[in-house]
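Written below as structure tokens is the structure these notes are about.
Convention: sequence-line order gives letters A, B, ...; per-chain numbering from 1. Atoms considered below: every heavy atom in the structure, side chains included; atoms not considered: hydrogens, waters and symmetry mates.
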Amino acid sequence: MAAQKRLFLLDAYALIFRGYYAFIKNPRINSKGFDTSAILGFTNSLLDVIKRERPDHLAVCFDRGGSVDRVEVFPEYKANRQETPEPITLAIPYIESILKAMKIPVIVKEGYEADDIIGTLSKKAEKEGYQTFMVTPDKDFAQLVSENIFMYRPKFGGGYETWGITEVQEKFGVERPEQVIDFLGMMGDSVDNIPGLPGVGEKTAKKFLAAYGSMEGLLAHTHELKGKMKEKVEANGELGMLSKQLATIMLDVPVEFNEEDFEMCDPDLEAVTEIFNELEFRRLLDNLTKTFAKSDENSAEANTKTTSKANQKASTTGQFDLFATPGGGNATEATNISGYQTIKTTDHFYQLANTPLSRKMLLQKLLKQQSVCFDTETTGLKALEVELVGIAFSWEKGKGYYVAFPEDQSETTAILEEFRPFFESTTIEKVGQNLKYDIKVLSNYDMPVKGQLFDTMIAHYLINPDMRHNMDVLSETYLNYQPVSIVELIGKKGKNQLSMRQVPLEQQTEYAVEDADITYQLKEHFIKELESGHLTKLFSDVEVPLVSVLSAMEIEGINLDPDFLGELSKALAVDIDRLEKDIYEQAGEEFNIGSPKQLGPILFDKLKLVDKPKKTKTGQYSTAEDVLSYLAKDHQIVADILEWRQYRKLQSTYVDALPNEINPKTNRIHTVYAQAVAATGRLSSNNPNLQNIPIRTERGRQVRKAFVPRDENYVLLAADYSQIELRIIAALSKEDTMMQAFKDGADIHASTASRVFNVPLEEVTREQRSNAKTVNFGIIYGVSAFGLSNQTDLTRSESKELIDTYYETYPKLKAYMSNQVAFARENGYVETVLGRRRYLKDINSRNAIVRGAAERNAVNAPIQGSAADIIKLAMINIYNRFEEEGFKSKMLLQVHDELVFDAHKDELEIIKPIIKEEMENAFKMEVPLDVEIGVGQNWLEAH
DNA sequence: AATTCGGCTTA
DNA sequence: GTAAGCCGAATTG
């Protein structure tokens with residue numbers, strides 16, 4: 001039979017938007033900092049359609065100038081749409097040139113929307129005997145569906161669904177597709193700002209359509225309705241008809257359907273290659289060449305569904321062929337619906353080893369390797385509290401093994417012991433994703449992990465710190481492979497989530513070994529990327545050794561005095577109660593003080609404390625600290641509220657929360673450091689966060705008294721870098737006067753004040769010093785006069801003058817800052833003293849606000865990041881010294897420029913100089929680093 | 001039950 | 001103005 005001719009019409013903007021937002025959580029940024037999400041998303045859709053459907057006729061339709069007609073009848077049409085995001089605007093020229101290079105016809109008609117063009121062409125093609133597929137996510141198109149016109153709709157999560165008449169009938173509850181217009185007219189569409197009938201949503205619209213068939217039918221029978229609905233519909237008949245008009249796709253666009261203009265032909269591969277290379281679309285290029293290479297031998301037959309002929313080779317769990325070579329499996333090239341390869345489309349040989357013999361054979365193989373990826377599966381997320389369920393190993397693409405552990409913990413320990421030669425081997429490199437977690441889990445069984453480490457999460461963090469580093473995302477990005485989702489395995493968290501223990505062994509094997517397999521493959525990619533970013537040294541010399549240091553610190557934990565906090569909580573409760581009563585009395589009513597939504601109206605509507613209250617972005621009255629604090633001196637109630645807030649914050653976040661974090665096994669608090677979160681290279685701390693324990697206020701700093709030494713043989717020792725960030729900026733800018741001040745050991749803020757206010761050092765007032773201090777810090781963050789005046793008592797113009805004088809005083813500092821911005825513009829990134837990079841994609845943005853933020857980052861990131869580099873070096877060196885000496889004293893916490901130790905009393909005088917020396921000499925600069933050490937019975941005393 | 005907002009803690 | 005994490009309240013599914 002002669003295949004029916006098929007025409008595919010793509011709704012360009014709808015697909016571009018969809019592509020862009022599909023990547024919104026992980027935008028694709030290339031090495032020049034250009035956001036290619038929209039281009040990639042659209043091009044993927046295009047190639048996907050071609051590959052699946054092999055259309056003989058195809059075109060892409062664009063809007064230009066919007067719909068003249070619709071705006072005439074309803075000026076608010078599409079007014080709800082926010083401005084097109086910049087990455088999309090910038091993507092359009094690229095997409096146009098890709099289409100040109102692929103020789104794909106583009107249809108544009110000034111003053112008409114793509115909807116109308118696609119509608120008109122579909123109808124014309126239908127008359128010529130074509131089947132037309134409208135490729136768009138936009139449900140409005142359903143009104144055009146007929147026997148020969150279909151919607152071809154991308155599904156979320158990948159794949160497409162074809163909507164014919166039957167599907168439209170089902171989805172919209174209509175008999176004829178044209179009624180979709182009435183349906184949309186009734187319920188409206190917030191995206192296009194079609195008003196619809198007030199009070200009519202999806203449910204009511206369907207009911208009306210079933211009863212009256214159309215908008216006109218409904219309006220002619222309003223007398224049959226009752227109550228409020230009757231009134232509303234009768235009053236808005238005109239709006240209803242207008243909405244229907246807006247929802248109607250026009251079929252009268254002056255555009256012709258000449259078959260030969262729409263024929264598919266081979267792309268200009270050279271031109272496409274050039275564009276893809278520029279955009280760094282490596283895989284897409286492969287995909288494209290394959291797509292078109294196949295099109296000859298595999299000419300499309302109408303309506304042939306190209307299903308994925310996945311090679312469903314089940315993994316072998318039997319024992320006999322445990323170490324047999326994999327059979328001649330031949331996974332087809334078919335991709336899954338989202339365009340990613342999956343476990344179903346890929347040859348793999350994942351085996352379960354759960355007998356003594358199979359484990360012995362596995363161990364023998366392991367010990368012959370130079371590098372092995374391993375991944376632990378556990379009963380939960382808290383590494384120090386979970387039990388081991390299994391360990392996966394892989395050292396070759398597509399292959400791997402899974403060792404399962406029973407619930408009985410002594411048996412588990414025994415089985416794990418079998419693998420001690422592997423984990424303790426110093427010659428076998430251990431590869432993993434977030435190895436700190438695995439190291440901690442194994443530490444529960446006293447199993448150390450020795451040898452070189454390679455952590456893919458951290459590798460990618462260095463390659464692009466602003467992105468996220470989930471294995472799933474990395475796999476999709478670098479391997480074009482979508483791993484089995486943990487959610488499929490154990491369900492969403494909360495209600496009925498399973499433990500890994502409850503998952504059938506076969507599935508555990510598939511899931512766990514796949515992770516190890518992928519991680520091993522990622523390593524190969526990242527080695528190259530680290531190399532090309534000159535990040536290999538930072539990776540191997542700093543971040544990787546730090547993994548072990550942080551593991552040890554987290555395992556060590558810190559001692560907390562919960563009884564002390566209990567007393568503190570009681571004392572706070574008394575004050576909170578007192579303040580609450582006072583506040584209610586002054587307000588004349590009781591309300592929730594902790595609810596800004598309730599507090600705002602009381603202060604500003606009822607008590608009218610201020611004429612024109614500041615609002616938040618959501619339109620509520622702002623009751624933020626900076627707003628209230630200057631009302632506090634005139635209004636006791638505001639002062640009381642601020643005090644109340646402070647105490648509540650202390651109580652809920654620290655005093656009451658911290659004791660709950662004590663690990664019952666160790667009786668200590670074990671924070672978790674995130675080594676791949678902060679974009680500048682800093683660590684962050686969570687569960688609990690021990691990097692934001694209060695210190696500024698008298699009441700708050702009491703919390704620090706609850707952090708105590710291990711026992712009576714120890715004291716807490718705190719070592720702080722003094723002004724490390726200012727020293728770094730002085731050294732990097734080579735600002736002589738500032739460097740000299742540090743070399744002289746001067747009070748840097750007083751020294752700055754003396755210079756900018758032009759007074760002798762000894763005559764600097766407290767206020768001058770304080771303002772100088774604020775500017776000094778402001779410089780690090782990228783000051784503005786506005787920001788400075790907010791932080792000081794100075795006016796905007798005084799602030800500006802101060803900043804100007806500051807720059808005159810320190811001209812090289814100013815030059816340094818400009819140079820950083822220029823470097824970022826040129827290279828797309830800035831870097832720290834150890835070459836840690838941060839990419840600033842917005843540095844050349846046309847939006848001044850966005851660009852300004854990127855410029856401040858260009859100044860701040862190298863400063864903050866270099867300080868982070870330096871303390872990391874110090875931590876590694878101190879840890880190594882402590883290990884070599886076998887000290888009982890242990891490093892416990894890092895708070896950005898401070899390290900906290902449990903110091904054994906016998907070792908105190910030995911470790912003090914070691915810590916000071918290692919911290920001060922971790923990195924050599926022209927400016928000396930200075931470290932202050934304090935010792936005490938608690939963290940507060942140690943300062 | 002999960003996410004977002006406003007507010008607040010640290011370096 | 002930089003970098004984080006966590007709380008209660010409110011909103012959303």
Side-chain angles (χ1 to χ4, degrees), chain A residues 465-466 492-497 591-600 614-629 641-642 644-658 660-661 671-674 677-697 699-701 703-704 720-726 729 774-792 799 803 817 830 838 840 849 852-865 867-868 871 893-898:
Chain A
D466 275 296
K492 283 198 198 284
K493 70 171 167 184
K495 35 185 195 278
N496 306 317
Q497 195 182 34
F591 64 100
N592 186 343
I593 308 169
S595 160
K597 200 182 162 189
Q598 294 179 41
L599 176 63
K614 194 177 150 192
K615 301 262 184 99
T616 67
K617 60 184 170 188
T618 51
Q620 311 271 342
Y621 292 126
S622 169
T623 64
E625 211 267 343
D626 58 335
V627 176
L628 296 194
S629 59
I641 289 165
L642 288 173
W644 180 92
R645 268 197 194 153
Q646 195 202 347
Y647 297 162
R648 280 288 289 237
K649 172 81 181 175
L650 283 174
Q651 197 176 40
S652 65
T653 307
Y654 304 105
V655 178
D656 290 353
L658 284 173
N660 296 327
E661 297 285 347
T671 185
V672 177
Y673 290 101
V677 166
T680 50
R682 273 190 178 181
L683 300 175
S684 78
S685 154
N686 61 32
N687 302 310
N689 181 356
L690 297 186
Q691 289 180 326
N692 71 348
I693 302 300
I695 194 162
R696 284 180 225 261
T697 66
R699 207 69 189 269
R701 74 171 65 109
V703 176
R704 294 199 170 217
D720 279 65
Y721 278 112
S722 150
Q723 310 294 356
I724 186 167
E725 293 189 345
L726 271 181
I729 202 171
T774 311
V775 189
N776 273 336
F777 280 114
I779 289 297
I780 295 169
Y781 302 146
V783 263
S784 70
F786 178 77
L788 185 62
S789 65
N790 269 349
Q791 283 239 330
T792 60
S799 299
I803 292 170
M817 293 167 69
V830 288
R838 179 164 186 192
L840 299 168
I849 300 190
E855 287 170 358
R856 288 192 293 278
N857 278 324
V859 175
N860 174 260
I863 307 299
Q864 197 183 107
I871 195 166
L893 304 178
Q894 189 251 41
V895 192
H896 308 306
D897 62 1
E898 170 186 6

Partner set under salt bridge (Lys or Arg N to Asp or Glu O under 4.0 Å) for Arg645(A), not counting sequence neighbours
none
Across the strands shown, which category fits Asn790(A) at heavy-atom distances under 4.0 angstrom: base, sugar-phosphate, nothing?
nothing
What's Thr680(A) touching, base or sugar-phosphate or nothing? Going by heavy atoms closer than 4.0 Å.
sugar-phosphate
Just checking Val677(A): base, sugar-phosphate only, or nothing, at a heavy-atom cut-off of under 4.0 Å?
sugar-phosphate
Could you list the residues that satisfy side chain to side chain donor-acceptor pair (under 3.5 Å) with Gln646(A), not counting sequence neighbours?
Thr697(A)
Test item: side-chain donor near acceptor, Ser685(A) and Thr671(A), under 3.5 Å:
yes
Chain A footprint on DNA chain C, 5' to 3' - any atom under 4.0 Å from a heavy atom:
dG1(C) to dT11(C)
Partner residues of Glu725(A) under the salt bridge (Lys or Arg N to Asp or Glu O under 4.0 Å) criterion, sequence neighbours left out
Arg682(A)
Side chain to side chain contact (heavy atoms under 4.5 Å, CB included) filter on Glu855(A), not counting sequence neighbours, yields Val821(A), Arg825(A), Ile843(A), Arg851(A)
Is Arg838(A) touching bases, backbone alone, or none of the nucleic acid, heavy atoms closer than 4.0 Å?
sugar-phosphate
Any base atoms under 4.0 Å from Ala674(A), or only sugar-phosphate, or nothing? Heavy atoms, all strands.
nothing
Going 5' to 3' through nucleotides 4-11 of chain B and flagging B where a protein heavy-atom sits under 4.0 Å of the base, S where only the sugar-phosphate is that close, and - otherwise, we get -SSBBBBB
Name the nucleic acid region contacted by Phe777(A), choosing base, sugar-phosphate or nothing; use a 4.0 angstrom heavy-atom cut-off, strictly under.
nothing
Salt bridge (Lys or Arg N to Asp or Glu O under 4.0 Å) against Asp656(A), all qualifying residues, sequence neighbours excluded
none
Not counting sequence neighbours, which residues clear ring-ring contact (aromatic ring centres under 6.0 Å, His included) with Tyr621(A)? List them please.
Phe604(A)
Partner residues of Phe777(A) under the ring-ring contact (aromatic ring centres under 6.0 Å, His included) criterion, sequence neighbours left out:
His749(A)
